[in-house]
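From a predicted model like this one, the values you see are computed outputs, not experimental measurements. Order of the sequence lines sets the chain letters (A, B, ...), proteins ahead of strands, with each chain counted from 1.
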2 protein chains.
Amino acid sequence: MRATIIHAPGDIRVEDRPEPKITAPTDAVIRTVATCVCGSDLWNYRGINPVTKPEPIGHEYVGIVEEVGDDVTHVKPGQFVIGSFIASDNTCPNCRAGYQTNCLHRDFPNGCQAEYIRIPLADGTLVATPDQPSEDLIPSLLTLSDVMGTGWYAARAAEVKPGATAVVVGDGAVGLSGVIAAKELGAERIIAMSRHESRQKLALEFGATDIVAERGEDGVARVKELTNGVGADSVLECVGTPQSMHQALQSTRPGGNVGFVGVPHDVQIDGQELFFSHVGLRGGPAPVRAYLPDLINRVFEGRIDPGKVFDLTLPLDEVAEGYKAMDERRAIKALLRP
Amino acid sequence: MRATIIHAPGDIRVEDRPEPKITAPTDAVIRTVATCVCGSDLWNYRGINPVTKPEPIGHEYVGIVEEVGDDVTHVKPGQFVIGSFIASDNTCPNCRAGYQTNCLHRDFPNGCQAEYIRIPLADGTLVATPDQPSEDLIPSLLTLSDVMGTGWYAARAAEVKPGATAVVVGDGAVGLSGVIAAKELGAERIIAMSRHESRQKLALEFGATDIVAERGEDGVARVKELTNGVGADSVLECVGTPQSMHQALQSTRPGGNVGFVGVPHDVQIDGQELFFSHVGLRGGPAPVRAYLPDLINRVFEGRIDPGKVFDLTLPLDEVAEGYKAMDERRAIKALLRP
């Protein structure tokens with residue numbers, strides 16, 4: 001089969017690899033219908049995460065179940081399924097508490113930018129759609145595997161409530177998904193921090209009411225101006241740098257909440273600053289499994305259309321161009337069709 | 001009048017000072033019925049906070065209203081009142097959101113270890129008791145001015161819910177008050193971290209179900225053992241050191257919450273560690289004003305008796321011995337009668 005291999009920073013190739021097999025009775029093998037490039041794949045592509053040997057890459061996927069292990073009972077061959085980027089048994093105490101990405105038995109699907117993939121803990125990880133989806137729904141369903149679920153978690157962790165004012169820091173696919181989530185959870189005012197015209201446009205289409213192009217202290221000042229000097233109720237931090245975290249914390253009102261989903265890189269939070277802010281803070285890899293049934297419904301009902309974050313669609317063989325376009329910020333997110 | 005003055009670290013004296021006067025129409029002057037020494041006063045006493053000149057000290061008080069400014073309408077002379085250690089107007093957006101210690105017009109009563117005190121923003125800060133309290137209720141009412149309200153906030157910030165498992169890190173007056181709060185909010189299991197016999201005893205009396213004497217990694221391991229390897233739902237951090245914060249975060253289950261009320265000293269929280277923990281974190285100076293009406297009722301109804309944290313009662317003239325006893329950990333908390 002054709003599979004994407006990262007050989008070194010900037011060196012993405014499609015190669016022939018053996019098809020994956022069932023290795024545990026809880027596995028499933030899926031024929032990939034669509035996959036995509038994640039902002040976090042760029043860390044490897046840019047050499048921020050070290051790449052020491054050629055490795056399969058990719059963790060977002062939708063597809064048709066090909067084969068299941070003997071213990072798998074929740075999904076069956078022929079079904080269209082979506083799964084989380086982290087596999088979970090969905091039965092351990094952490095899963096039952098709604099934090100499947102902290103499953104006591106979690107596993108990490110990898111190499112999903114390929115024609116076939118093996119998903120561990122299939123019963124706990126995969127959710128089948130009610131029907132075979134029409135072609136136009138596939139991009140949106142694909143986002144539920146990671147970015148849309150991550151934006152949703154950011155909004156939940158930031159405790160967005162009906163009538164609230166929400167700020168979204170970060171205008172990548174996750175930030176834009178966060179705008180959708182804030183709207184669906186009832187935020188009345190949604191301030192998107194963005195300085196890129198195409199992303200500003202999409203943010204507005206997704207429900208943002210205000211765009212703030214300023215960053216850092218200027219961005220904070222602008223948010224304060226828009227919130228009677230007090231700050232926002234909920235801030236979704238979708239970047240993961242010291243600057244974006246600081247900006248998020250400073251933009252939140254006392255008693256408000258920051259949900260942070262950008263994996264922090266060199267971020268230290270000063271205890272005393274957090275203390276005197278009265279701001280609540282929760283982050284983490286999003287438990288997208290928890291949201292799949294609800295979000296699948298919202299996509300099928302046409303309430304949300306997060307698939308619009310894909311502004312580039314390529315055949316799998318051109319995956320290298322997908323990485324390049326995202327790295328150069330020519331594309332928000334690249335969808336791949338095997 | 002007699003007032004407590006700190007001259008230098010370790011140097012506490014009672015001196016004659018002029019009685020405070022109404023200086024703003026929103027002020028009240030109170031004749032102090034009881035006051036006390038706070039753990040945070042010890043920072044000055046120990047020279048951790050610099051003491052550059054002789055200064056009045058103390059911020060916890062109950063008393064009888066002597067005189068009010070022209071704009072004060074909620075309290076009147078002769079009433080027995082309790083007030084927060086931070087004065088607030090109780091009408092600004094932050095106050096209305098329940099974060100009175102972040103009031104946009106906040107002020108800081110000081111010099112409360114004295115016969116008379118001036119309280120700014122009296123209408124927003126002071127709450128009168130329904131009747132003149134009997135003598136035996138006075139210690140408990142005094143704790144509502146700071147420590148009991150702070151323990152209450154720690155439990156609220158840690159989102160203690162009925163049936164929950166709560167851990168209390170810190171066995172000072174605030175931590176012990178946190179045990180009371182966790183119990184009142186319905187925690188089923190309350191693990192008090194303490195290695196001092198008298199404090200362990202009081203924690204058990206207040207509702208703790210388990211005592212853990214170990215600290216640091218050993219303490220975390222013990223909490224994990226008591227919670228099926230997962231960690232506690234809610235952890236109240238009532239110390240403020242890097243060690244205690246680390247211990248609190250590590251003792252919490254994914255999706256659980258840490259409420260931190262020990263003012264952080266040299267605490268830095270690693271963004272990535274917090275991220276992967278899925279733990280929610282909120283702290284701050286407790287908005288005790290928000291809890292006063294409810295907590296006054298609980299004291300009058302005899303539901304709670306936080307006054308037991310006072311294991312030393314002295315006349316105001318012997319305040320220096322109160323500081324000394326607390327500094328040497330001979331006393332949990334010293335009550336002073338002017």
Side-chain angles (χ1 to χ4, degrees), chain A residues 92-104 106 153 156-159 227-231 233 237 240-242 244-246 249 252-287 290, chain B residues 92-104 106 153 156-159 227-231 233 237 240-242 244-246 249 252-287 290:
Chain A
C92 84
N94 291 344
C95 286
R96 288 201 311 272
Y99 288 83
Q100 284 89 342
T101 36
N102 227 314
C103 173
L104 296 177
R106 70 184 165 189
Y153 174 63
R156 293 286 294 269
E159 301 188 13
T227 54
N228 299 320
V230 174
D233 302 304
E237 197 289 307
T241 62
S244 61
M245 178 62 92
H246 186 75
L249 290 171
T252 313
R253 69 163 175 78
N257 292 278
V258 170
F260 68 112
V261 294
V263 183
H265 282 72
D266 303 317
V267 173
Q268 294 289 325
I269 299 149
D270 182 73
Q272 210 162 94
E273 194 182 317
L274 185 64
F275 182 83
F276 287 108
S277 75
H278 282 124
V279 170
L281 184 58
R282 186 193 306 279
Chain B
C92 84
N94 291 344
C95 285
R96 288 201 310 272
Y99 288 83
Q100 284 89 343
T101 35
N102 226 314
C103 172
L104 296 176
R106 69 183 165 190
Y153 174 63
R156 293 286 295 267
E159 300 188 13
T227 56
N228 298 318
V230 174
D233 302 304
E237 198 289 305
T241 62
S244 61
M245 177 62 92
H246 186 74
L249 290 170
T252 313
R253 70 164 174 78
N257 293 278
V258 171
F260 68 110
V261 294
V263 183
H265 281 70
D266 302 317
V267 173
Q268 294 289 324
I269 299 149
D270 183 72
Q272 211 161 95
E273 193 183 320
L274 185 64
F275 182 82
F276 287 108
S277 75
H278 281 123
V279 170
L281 184 59
R282 188 193 303 282

Counting only non-hydrogen atoms closer than 4.5 Å, does B/D270 touch chain A with its backbone (N, CA, C, O), its side chain (CB onward), both, or neither? both
When only pairs under 4.5 Å are counted, which of B/G280, B/G256, B/P285 shares the most heavy-atom pairs with chain A? B/P285
Could you look at B/T101 and say if it's the side chain, the backbone, both or neither that has a heavy atom under 4.5 Å from chain A? both
Which portion of A/E159 sits near chain B, non-hydrogen atoms under 4.5 angstrom: side chain
Tell me, for B/E237 versus chain A, whether the close heavy atoms (under 4.5 Å) come from the side chain, the backbone, both or neither. neither
Qualifying residue, where the test is side-chain contact (heavy atoms from CB on, under 4.5 Å) with B/R282 and the options are A/N257, A/L281, A/L274: A/N257
Donor-acceptor check, side chain of B/N102 to backbone of B/N94, threshold 3.5 angstrom: yes or no? no
Highest number of heavy-atom pairs under 4.5 Å with chain B: which of A/Q268, A/E273, A/M245, A/H278? A/H278
Would you say that more than 12 heavy atoms from the other residues, nucleotides or ligands in this model lie under 6.0 Å from the CZ of A/R106, or not? yes
Which atom pair, heavy atoms only, marks the closest approach of B/S244 to B/G240? OG-N, 3.3 Å
Which label fits A/Y153 and A/Y99: parallel for a plane angle under 30°, tilted from 30 to 60°, or perpendicular past 60°? perpendicular
Below 4.5 Å from any heavy atom of chain A, which atoms of B/V279 appear? Answer side chain, backbone, both or neither. backbone
Minimum-distance pair of heavy atoms, taken over all atoms of B/G259 and B/A158: N-CB, 3.5 Å
Quick one: which of B/V230, B/V263, B/V261 has the most heavy-atom pairs under 4.5 Å with chain A, could you say? B/V263
